[in-house]
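Below you'll find the structure, written out as structure tokens, and then a few comments.
Lettering follows sequence order; numbering is per chain, from 1. All values derive from a computational prediction rather than experimental measurement.
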Amino acid sequence: MELSKNYIPGTVEEKWYQHWMSKNYFKSFPDERPAFTIVIPPPNVTGVLHMGHTLNETVQDILARKARMSGFNVCWVPGSDHASIATEAKVVDMLKKEKGIDKKNLSREEFLKYAFEWKEKYGNIIYSQIEKLGCSVDWDRVSFTMDDHYYKAVIKVFVDLYKKGLIYRGARMINWDTAAKTALSDEEVEYKDVMGKLYYIKYPLNPSEEGVLQSSTAEDFIVIATQRPETIMGDVALCANPNDDRYTHLKGKKFLVPLINKEVPVIFDEYVDKDFGTGILKITPAHDINDFNIGLKHHLPVVDTLNEDGTLSEAAQIHIGEDRFVARKKIVEELREKGLLVKEEEYTTRLGYSQRTNVVVEPKISTQWFVKMKDLAKPALDEVLTENINIHPKDKFTATYKYWLENVKDWCISRQLWWGQQIPAWYDEEGKIYVAETEEEAIGQWSIVNSEKNSDSEIHNSSFTTDHSPLPTPHLTRDEDVLDTWFSSWLWPIEVFNGITQPDNKEINYYYPTSVLVTGQDIIFFWVARMIMAGMEFRNEKPFNDVYFTGMVRDKLGRKMSKSLGNSPDLLNLIHEYGADAVRFGIMISSPAGNDLLFDESSLEQGKHFNNKLWNALKLVKMWEENQAVGNGEGAMVNGEWAIQWFESRLSEARNEVDILMNQFRLSEALKTIYSLIWNDFCSWYLEWIKPEFGKPIDPAVYEKTVLFFDELLQMLHPFMPFITEEIYHLLKGRNDDLIVKQFSAAHKPDVDILKSGDKLKALITAIRDARNKNNLKPKESISLFIETTDEISYQPLKNILSKQVNADAILFNEKPVESSVTIVVGNEKIYLLSDAETDTEAQKEKLNKDLQYLKGFLISVDRKLSNDKFVQNAKPQVIELERKKKSDAEEKIRIIEQSLATIG
RNA sequence: GGGAGCAUAGCUCAGUUGGUUUAGAGCAUCUGCCUUACAAGCAGAGGGUCCGCGGUUCGAACCCGUGUGCUCCCACCA
């Protein structure tokens, strides 16, 4: 079979994915083997996968494939997240732009139909991307956070927590998204520094109050500073610090809110910073969390001057219906005209923006549903602190995890949206709440409550009536809101195995807890912490053993990937251009765990080159398949045996290193190790060492061994680059099995002595090549080598390799060349290169002098240590011994070099 | 304002409880090669005040203090 010049990934990748699927390699059923379970962090169905997902899925696939080749029953569950607010915002936007439909004009059912269509479209794109990337997920297990059983699980959990008293309904200050018209959790708000203005506004004294100000002031007003003049209509008090002498005399006085002349009292609270602004704070409980708290403390009313969409409400009295930012400008103008605006200052402030719609978030009083977090947080914290769950990298995230859980606040879980699980709460005409899994159950509860009420009233009326008229049909209305998307995601590792809806099924018992969670560090609180809470609360067991945090993917300038910057590449394009293996390689090679990844296409280029290197190694070995020596191996490499022993040891050494690195989740380093093993040790050294001269046959035993080595390298690389490795595995030799399921054998112990010989040989070759280079000896010009050594025997097995690698036609030991030659020093041995060509003695001298200088400096530093009494007294014996050896080695080398220099003259 | 992390070659990063040389890798750079697996390649080379300062130690890239710079998280003073 003719192999193409370069590796072409496209059809190969398609072919093998289909093959693996047809063999059901990705499918998993509970059996006797140990389980290795991964649940995919379900991507939001808001759009297509970006580079962050690519990194995540690649890491998971590497772990899954490695586990599969190590005898585990691997189950990787794919899926997607309905992403309540994010998706709803996209659908609303799409409807408006593409169909001219306003959500207001749709019924809930109609809207959900569109939303499901959207989910179908983007969900499928996401799944096809996961497939193209080569992810070995079990496609029979695709889960979605709004699947029927999943929906039921969420409802069940809500009811359960409500019954336990862990869910309550209450009026709180929440973050309000005026575009999506919904509450946001604290985590959904992003703060940005913005230039704003601080306005100083006069509040006049109520004219009905007389002579309250000290005569020295002589003015009947006080000045407050605010960034948000449009909220003054919601003011209910002015507040000063009780220790602020400037204002203590104002106690009991009343002032007027400008423009609307509403009377507000002066109160005192230590919360107020005397040194900020004027030292007086206006209290607007409806629109600021701190004001709200002060309001509660001082029993002040709440005046909400904003509508849900961010326009001013009737309570504002003026500018009703105008957007808050428009109203701000107008109010400032009006204040200025009335002479009530004292001054404006430039001021940098941090404003909260909605993560989903990017509008400025308004603090707003609202009745919402909350989860009490304190009791849930405790066990979740313990799991991590006791290292029952291991976080990687540990140092970086354990502290933040601990801090968040120790200071956790109640979780606002209701959202004023349609896309999501509708809150299972019903209200009767009196506003009484019934929380139940179904409407029937809610009605049942209502009946019980109302019949109790009837019997209560019977007792109190003390009128004995016997005719029990049937209870009237209840008019229950269901809560319109849906649940926060994370209130469904936190059940993910459990409910993908139906562990909430059927708590004792075979699957959940086998696959749970899952093995490892791979996710971005940005959702440690949103998701990771809450999954641990859910695991502990609903199954009394952690959801996963390990958590691997990937960093954020940035562009090569360190900027976040974003659509507006246009620096977020399209995954399918990249796969098309480089191949999935190269994309996986490129993204993994530069991605240490937990560090941000600076994405640069040049690393994909490197991956592509690596593919080609493997391809060419295949071509070389294939050539030998047809051209093997018969009989006693005439023309074969005599030193194949030694090369084989060396590579066997090198391979074992690397296998052990890679295993350790993989167990520590240091995947990037593991890949680097494999890359270097294949490119340098296998291709540049081993294959060159055993390669017969052109046209000559190879020794069959060497050939067979080489194929086995190649197999093992492919196996090591397969988790990282699955397609090309499977392809080469099959092209290398006719096979009945597939690489993807080939089980790792135990790694051997490397032979340390032979590795040392290998290092020596490599150093020798490099030094001689360097000398050739520096002396302008063309590769084709043959040389004779004269080696001065006390250990001639150790050279015997290396001789043939050495002469081939440096193009030497003769190697002589402990003889001096008669003619002038190039002299170099490698280790403790002096080597002469003799050739017919002119040699440049100046270049040699230069090199030798440089080495000499280095060695003398080195010797001084060693001597300094050894002549230091304290060092000799305190250092460990091995360390001293080592220094002595360094000293004698250096002295020996210096002697040889000086001798050489003398010879050259 | 509170906390965490980082700072090593042009770039991205390793560097294990302080001692294997005067610190390593990949990429990039430079030099020479179209040598029959591979120019998407081969061979070789150059490149570092381990952020500054101070301390502990016989010995510091590593430990301690301090300064500077960057990143992130939390809080959210009108």
- Hey, what's the ring geometry for A:W685 with A:W689, parallel, tilted or perpendicular (30° and 60° as the breaks)? tilted

- Side chain of A:K619, base of B:rC38: donor and acceptor closer than 3.5 Å? no

- Item | Polar pair under 3.5 Å, donor/acceptor by atom type, side chain A:E688, base B:rA43 | no

- Item | Residue met sooner reading RNA chain B from 5', once A:K850 and A:L687 are mapped to nucleotides | A:L687

- Message: Reading RNA chain B from 5' onward, which residue's closest nucleotide shows up sooner: A:R228 or A:Y403?
- Response: A:Y403

- Selection from B:rA37, B:rC72, B:rA14 that lies nearest to any side-chain heavy atom of A:L620: B:rA37

- Query: Under 6.0 Å between ring centres, would you say that holds for A:F720 and A:Y675?
  - Reply: no

Within the sub-3.5 Å range, which N or O atoms of nucleotides 54-62 of chain B have a protein N or O partner, and how far apart are they?
| unit_1 | atom_1 | unit_2 | atom_2 | d |
| --- | --- | --- | --- | --- |
| B:rC58 | O2' | A:N868 | ND2 | 2.7 |

- Would you say the side chain of A:S668 lies within less than 4.5 Å of the side chain of A:K672, judging by non-hydrogen atoms? yes

- Given side chains that start at C-beta, do those of A:Q521 and A:D596 come closer than 4.5 Å, heavy atoms only? yes

- Item | Pairing string, 5' to 3', for RNA chain B - Watson-Crick or wobble contacts under 3.5 Å, brackets [ ] where pairs cross, | to another strand | (((((((..((((.....[....)))).(((((.......))))).....(((((..]....))))))))))))....

Are there any protein N/O atoms within less than 3.5 Å of an N/O atom in nucleotides 23-32 of chain B, and if so, which ones and at what distance?
| unit_1 | atom_1 | unit_2 | atom_2 | d |
| --- | --- | --- | --- | --- |
| B:rG26 | O2' | A:Q606 | NE2 | 2.9 |
| B:rC27 | OP1 | A:Y675 | OH | 3.4 |

- Query: Would you say A:R554 reaches B:rU12's phosphate, i.e. side-chain N/O to OP1/OP2 under 4.0 Å?
  - Reply: no

